[in-house]
4 protein chains.
Amino acid sequence: MAIRTVVWGENVHEQLDPNVRALYPDGMHAAIAAALGQDAGIDASTAVLQDAEHGLSEARLAETDVLLWWGHRAHGEVSDDIVERVQQRVWQGMGLIVLHSGHFSKIFKRLMGTPCSLKWREAGERERLWVINRNHPIARGLGDYVEIPNTEMYGEPFTVPEPMETVFVSWYEGGEVFRSGLTFQRGAGRIFYFSPGHETYPIYHHRQVQQILRNAVNWAHNPAPAWADIANAPNVPIDKAREKLVQKGARLHADGEEGFR
Amino acid sequence: MAIRTVVWGENVHEQLDPNVRALYPDGMHAAIAAALGQDAGIDASTAVLQDAEHGLSEARLAETDVLLWWGHRAHGEVSDDIVERVQQRVWQGMGLIVLHSGHFSKIFKRLMGTPCSLKWREAGERERLWVINRNHPIARGLGDYVEIPNTEMYGEPFTVPEPMETVFVSWYEGGEVFRSGLTFQRGAGRIFYFSPGHETYPIYHHRQVQQILRNAVNWAHNPAPAWADIANAPNVPIDKAREKLVQKGARLHADGEEGFR
Amino acid sequence: MAIRTVVWGENVHEQLDPNVRALYPDGMHAAIAAALGQDAGIDASTAVLQDAEHGLSEARLAETDVLLWWGHRAHGEVSDDIVERVQQRVWQGMGLIVLHSGHFSKIFKRLMGTPCSLKWREAGERERLWVINRNHPIARGLGDYVEIPNTEMYGEPFTVPEPMETVFVSWYEGGEVFRSGLTFQRGAGRIFYFSPGHETYPIYHHRQVQQILRNAVNWAHNPAPAWADIANAPNVPIDKAREKLVQKGARLHADGEEGFR
Amino acid sequence: MAIRTVVWGENVHEQLDPNVRALYPDGMHAAIAAALGQDAGIDASTAVLQDAEHGLSEARLAETDVLLWWGHRAHGEVSDDIVERVQQRVWQGMGLIVLHSGHFSKIFKRLMGTPCSLKWREAGERERLWVINRNHPIARGLGDYVEIPNTEMYGEPFTVPEPMETVFVSWYEGGEVFRSGLTFQRGAGRIFYFSPGHETYPIYHHRQVQQILRNAVNWAHNPAPAWADIANAPNVPIDKAREKLVQKGARLHADGEEGFR
């Protein structure tokens, strides 16, 4: 069965900025989804901020294996309730790929627990992503590095937790570096942050960037059933303990009471 | 200079439950602060939920090196604004020690980005904490293990991110295990989660538990100046780049404009 | 194409000890290979210490995707050259699953760089492996825990580096705990250490243990081409630099010279 | 008490190469020790390859808190027995700081378990080390970055395990990047790898490099007593189990027998 993938796009810059619209006439989300669709094992659809529930209803998320997230100027317009819902699905096992300015999205900051800040410069300079482990599934089919002729610089310090794996580190013409591809695990969900993707350059038309995104979807997909009750804190009654127990000392809770949260 | 330490207590169970009050007549926070005060290098004070701003004003937090957090039934009564404030201070370098039922506190869940759920049982059973690295600063002065005669069981899965270091793993009489001492780094702040501490048992009067808390304060203390602007995302103007750059391609932002967030 | 898997067995206890032979008349390696073979996607063969080159010729290793390793009393009889060869293949991308007493095998100690020591007791006591992330590929199809009626106790501290992921933590009847399933990455190779498997108990006939081993083979398999030159340290000549460079300062090496190692 | 620190130098290039000798007339080890000695809390001495036992007798190592290691062309001349001895001391708690070409030293490869390979170029180009966490003890007193006017390029992939912390990432004039400051924990010992330090440039005379080395010594120092028996695997007799146990099933070992290794 194909990996059910939703590309979420903020879809604002494409409407407001003629440069962006010229590069992505149907929106960046559409360009990304088309790139994913070149992999027969990926079934890619799109959702945008302007859709009802931002296109991310409970029902749709329940049927989503991997979600990609691109947002920038409208981070603040994303509903907190829907961010909470997406976070729950990541915990349950949905993969999440956070793109470029999504470093400051509500969903990424909530999953990292850190500022997710960085330095930036919009000079159209050259970026070179060096591959740290060429056998990592996300680096499949790349060479030693990927060159992006015109990019927005994102510079360290990138204030995220130490990652599970450092997949790419970027060099910039202007003198900075950035850990441009990082993996994280949160609950049952795998997360990949990938920094290239500024809206005024044709980065999502770049052949190798598209390959990386397809690789990342395959990597982030967890075929296990959703861990539906991951956020629960179940009581284990004394008579259900795996080893025989006798109650000792004082208790706070009566039998069958819920815990506090 | 002594490590300026604040022990934050919810201070509710001590008022409502005679068993808890009998164990901690001045509140658990006071007992913990007294234990910390046995280290001449620690200057321990207390704050409680009922204080103005929960005792955690901007000014006080700015002068706090390490914060300990004990909460349980009143997690929901902690102000979101103050949680945000504490999180910022952790990012800037304040150490944070989260105790027992604090696994479900707003501040811990926000810093972890995960459910922080677990299994539990209130049977007064025996717990044995095994020391993983006896030379870790938090394990200073302990032997191979610490035994707690009566404890609340906290069982795996404990849904936190993979820690920086696993310091203790617990065995329970009823058959479960728990990673009972874990370290994390978030921004400039060091975090230690320590699971023993159920309010109906005299756990904070346990000599070795007190030693662990003193050790943890020393470990979590970061003497560097606060990283005050850690959450900012500064622009690096083209003419301030470390290497000479010429503007190429289209831009979204005019000179001197702020980034979106 | 099936995952080409070799189960390496020391094959000594089965010859010397009637209890072990009764449990594993064809050797533990054969029992493990048979269990793996129940997965149509795994092509399992065996190799033993007594084979020429311990059954691990260059040619065979080159065609091995995943290697399982069980050794105990004859660790010292394994040739250093062959250990070196196996290590190189792991670096190049071969998966490695180290079983039970293999914690003290030459290959595991070399890949970890630590003592890999632990406590032990041979009492036939009960072990319960708790699953930390039920959606981890290695935990597929298990419930909350796996119970092993008779086991050798392996107790913390287990002196390995902090793992990439803690998959299982074990509880023992006698009061100890152990991180019984741990993942590591070394070069392009994925490594899984799994502690159950004492030779005097029928552990490799346990249905869920067999499931874990099949899961682990699937997880450890890296389909990327071998990273053949991973141990090389290539010079990048000045005229091949990605950015234009002019030689400055003194040099140690003449053009085309090899580096030292 | 001051941190007892030994700077180990190969001391070969200084004898063979007039450029190196001009920069370091008393050897690089002496220059590094002098830089460390500017911190009143560090008691720095030196040892060289040519000394008896390379200057690293059992007695001296037992009194060493932190060891720095610089080697290059004579890696192969370092005695395996002494490497083994140093590794044991790291496991027991001695800090280790591995410098520059020490990435290919026997001791570093043994502690990492990976190839520790990288790309290199000797062009005297500019390197800029970006600080990832400015509040990390090793980054104390630095600004956003450190610039080294002339350096040997070390390029990714640097084939080490994922570190505990990424402290510095380097940018190079010629277009590469490198994770130039990484921390690891192995047993009770803390390890810091720091890449700048090519012998034909005055890098150990650089004020900020000297500061980093002093910081690293302070960070790597573990004041706990040596974990002397860390490599042992003690048996826990049944009658010494923390919980009451009755022997079940067959055993391999008689009472009091040593385990295999």
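Each chain gets a letter, A, B and so on, in the order the sequences are listed, and its residues count up from 1.
Residue contact with chain A, scored on non-hydrogen atoms closer than 4.5 Å, involves the backbone of D:V131 exclusively. Only the side chain of A:D144 comes within contact range of chain D, with heavy atoms under 4.5 Å apart. Using a 4.5 Å cut-off between heavy atoms, D:E176 touches chain A through backbone and side chain atoms alike. Heavy-atom distances place both the backbone and the side chain of D:W171 under 4.5 Å from chain A. At a 4.5 Å heavy-atom cutoff, the contact between D:R179 and chain A is made by side-chain atoms alone.
A distance of 10.5 Å separates OG1 in D:T159 from CZ in A:R134, rounded to the nearest 0.5 Å.
Side-chain atoms of A:E162 come within 3.5 Å of backbone N or O of D:T166 as a donor-acceptor pair.
When all heavy atoms are compared, the tightest approach of D:P157 to A:I132 is CB-O, 3.2 Å.
Put simply, of A:Y172, A:Y145, A:F178, the one with the most heavy-atom pairs under 4.5 Å next to chain D is A:Y172.
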